[in-house]
Amino acid sequence: MTVVTESVSSAVASCAQAAFRAAPSLAAAPDATIDGALSAMASHLRSSVDVLMAANEADVAAARESGMSAGLLDRLRLSPERLESMAAALDLLASTPHPPRSEFVRDLPGGLKLYERRRPVGVIGANYEARPNVTVDVASQLVKSRNAGVLRTGGAALRSATALLEHVVAPALSDVSLDPAAIQLVPTPDRAAATALVSQPAHIPLVILRGSGDTTRTLGEEAARHGVRTLAHADGGGVLYVDVDADVERVLSLVKDSVDRLGVCNRLNLLLIHSSLYESLLPKVSQTLADLDITVSLPPHSHPVGYEWALDSDREATVTVLPVSSAQQAAEVANVETSGLAASIVTTSEATATAFMDAYTGTGVFWNATTRLLDGFKLLAVPETGINIDKVPGPRGPVTYPDLCLRQYAIVPA
């Protein structure tokens, strides 16, 4: 178990208390004020490119010096183009309608009416990997849902995250007279801060967890000990099944599209090929991947079939390949051997596609499409706080601002 020093515990507790005090500022804000804050974030982001790039370049230089892999460096690195994309996402989020804060359900006896109301959680924590864009994604989703937040990022991105908070998020909240303390960033790179974050039930009842599977599961267990709920984005890895009726050109195109970025959870991880096509298709697939400097792991595998290459800093440029006898077996392999994030079938047969989609139990299932589409922005046109793959009722898949609320029943006179 991670030992949390007094200094780390105090730093996180201070952030939690500050966010808790500021939370009412967001909870009571009108829609126009909330959306004004998001628009102001976009404006500040565009006007702060130089200072944001300088902070990020320092993060990247330090990470490169420490031996960070190319794929993880890609996740860490900002560019003017990525910053503009982040600003555009904020503009879009600002223009996205708010869910109704109160909806009529039905009339009750005695001249009463029942309403269902949406209320913010209050303060939501977030622990995530060294990806600067996630700082803005999460902060904007919290603001849109009227929740305060305590953010804790990987130490490699702390300079970038600090610059984003100080030059984008906080001034935007101030611009519309919201308390800038509502969004806090844990200032220490100490990994024990993540443990402290899930140990604050009085002030942070819910924590979004993103990162490696083992770390996220450990934090989830620690959170449960303290009565803190979590929305966990732990394991990833996209599955692509090539059916006997697949169009070969479409297969090769989808394979290429599914590995455009390697250090992400929804990239192609496991390629399942119908056994009748395996011998003829494998050379073409291998060449397509080789052209992208990606190798294939063929049977007999020295690793679990569903091993998530995106988390392996040394061998992330790898795709596991396995022959299967049918769409049913492909779905079974995806269900049993992988995280259950997303799987896709390539086929011209609607009946086979339907059977596969009915059999696969994971979060996202696709037909003739890449698993890279399992993303809040690509699916729902808004940033996400993470992708939840829990197998229990609740928000599943990309978690966005409408999910970050509590249900309240209200009974009033007619």
Side-chain angles (χ1 to χ4, degrees), residues 11-12 14-27 29 32-56 59 78 82-96 120-128 130-154 157-188 197 204 207-208 210 376-377 382-386 400-401 404:
V12 175
S14 177
C15 289
Q17 292 160 12
F20 186 79
R21 289 191 296 268
S25 169
L26 286 175
T33 299
I34 293 296
D35 294 337
L38 297 171
S39 295
M41 285 185 201
S43 178
H44 283 289
L45 199 154
R46 291 187 172 104
S47 65
S48 305
V49 171
D50 289 345
V51 68
L52 297 176
M53 287 299 301
N56 183 248
D59 277 339
L78 290 175
R82 287 187 179 180
L83 290 171
E84 175 54 35
S85 178
M86 291 160 60
L90 288 166
D91 283 333
L92 180 61
L93 185 60
S95 66
T96 303
V121 174
V123 181
I124 297 178
N127 184 72
Y128 51 96
R131 296 175 66 177
N133 65 292
V134 176
T135 295
V136 174
D137 287 352
V138 173
S140 64
Q141 294 291 301
L142 295 180
V143 171
K144 184 77 173 186
S145 61
R146 295 182 174 81
N147 287 290
V150 179
L151 315 183
R152 186 266 165 188
T153 187
L158 189 55
R159 295 180 188 87
S160 302
T162 300
L164 286 164
L165 186 75
E166 293 180 350
H167 296 278
V168 177
V169 177
L173 292 173
S174 294
D175 286 349
V176 295
S177 300
L178 292 174
D179 191 340
I183 303 297
Q184 295 284 316
L185 177 70
V186 176
T188 173
L197 183 66
I204 312 176
V207 179
I208 296 161
R210 294 179 58 158
F377 195 80
V382 291
E384 66 188 35
T385 64
T400 62
Y401 70 92
L404 303 177

In a table with atom names and distances, give each donor-acceptor pair under 3.5 Å that connects a side chain of residues 169-178 to protein atoms at least two apart or in another chain.
residue : atom : partner : partner atom : Å
Ser174  : OG   : Ala170  : O            : 3.3
Asp175  : OD2  : His44   : NE2          : 2.6

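- Residues Leu151 and Ala139 approach most closely at CD1-CB, 4.3 Å, considering heavy atoms.
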side-chain contact (heavy atoms from CB on, under 4.5 Å) between Thr135 and Val138: does it pass, once the steps are laid out?
CA-CA 6 Å; Thr135 295; Val138 173; over 6 Å; no

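- Note that CG of Asn133 is 9.5 Å distant from OH of Tyr128, once rounded to the nearest 0.5 Å.
- Checking Asp179 against Ser25 by side-chain atom types alone, no donor-acceptor pair falls below 3.5 Å.
- For the residue pair Leu185 and Leu158, the shortest heavy atom distance occurs at CD2-CD1, 4.1 Å.
- In this structure, CE on Met41 lies 7.0 Å from CG on Leu90, to the nearest 0.5 angstrom.
- Between the CG atom in Leu78 and the CG atom in Leu83 there is a gap of 5.0 Å [rounded to 0.5 Å].
- Taking Thr153 as the reference, nothing meets the side-chain hydrogen bond (donor to acceptor under 3.5 Å, both in side chains) condition, with sequence neighbours excluded.
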Begin with the C-alpha distance, continue with both residues' side-chain angles, and end with the deciding distance and a verdict on side-chain contact (heavy atoms from CB on, under 4.5 Å) for Ile183 and Leu165.
CA-CA 8 Å; Ile183 303 297; Leu165 186 75; 3.8 Å; yes

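- Residues in residues 36-47 take part in these salt bridge (Lys or Arg N to Asp or Glu O under 4.0 Å) pairs, two or more places apart or across chains: Arg46-Glu84, Arg46-Asp91.
- Ser140 and Tyr401 share no donor-acceptor pair across their side chains, judged by distance under 3.5 Å alone.
- When all heavy atoms of Val12 and Val186 are compared, the closest pair comes out as CG2-CG1, 4.0 Å.
- Taken from CG in Leu142 to CG in Leu26, the straight-line distance is 9.0 Å, to the nearest 0.5 Å.
- Remark: of the listed residues Val49, Asp50, Val51, Val49 is the sole one forming a side-chain contact (heavy atoms from CB on, under 4.5 Å) with Met53.
- Between Pro383 and Asp137, the closest heavy-atom pair is CB-OD1, 3.7 Å.
- Checked by atom type and distance alone, the side chain of Glu384 pairs as donor or acceptor with a backbone atom of Gly376 at under 3.5 Å.
- Annotation for Ser39 and Ala94: closest pair OG-CB, 3.4 Å, computed over non-hydrogen atoms.
- Legend: residues meeting side-chain hydrogen bond (donor to acceptor under 3.5 Å, both in side chains) with Arg82, ordered by chain and number and at least two apart, are Asp74.
- Applying the salt bridge (Lys or Arg N to Asp or Glu O under 4.0 Å) rule to pairs touching residues 138-149 yields Asp31-Arg146, Asp35-Lys144, sequence neighbours excluded.
- Checked by atom type and distance alone, the side chain of Asn56 never pairs as donor or acceptor with a backbone atom of Ser160 at under 3.5 Å.
- In this structure, CD1 in Ile124 is found 10.0 Å from CD in Gln141, a value given to the nearest 0.5 Å.
- Legend: residues meeting side-chain hydrogen bond (donor to acceptor under 3.5 Å, both in side chains) with Arg210, ordered by chain and number and at least two apart, are absent.
- Taking the side chain as every heavy atom from C-beta outward, Ile34 and Val143 approach each other to under 4.5 Å.
- Listed here is the closest heavy atom pair of Phe377 and Leu92: CE1-CD2, 3.8 Å.
- A distance of 5.5 Å separates CG of Leu404 from OG1 of Thr385, quoted to the nearest 0.5 Å.
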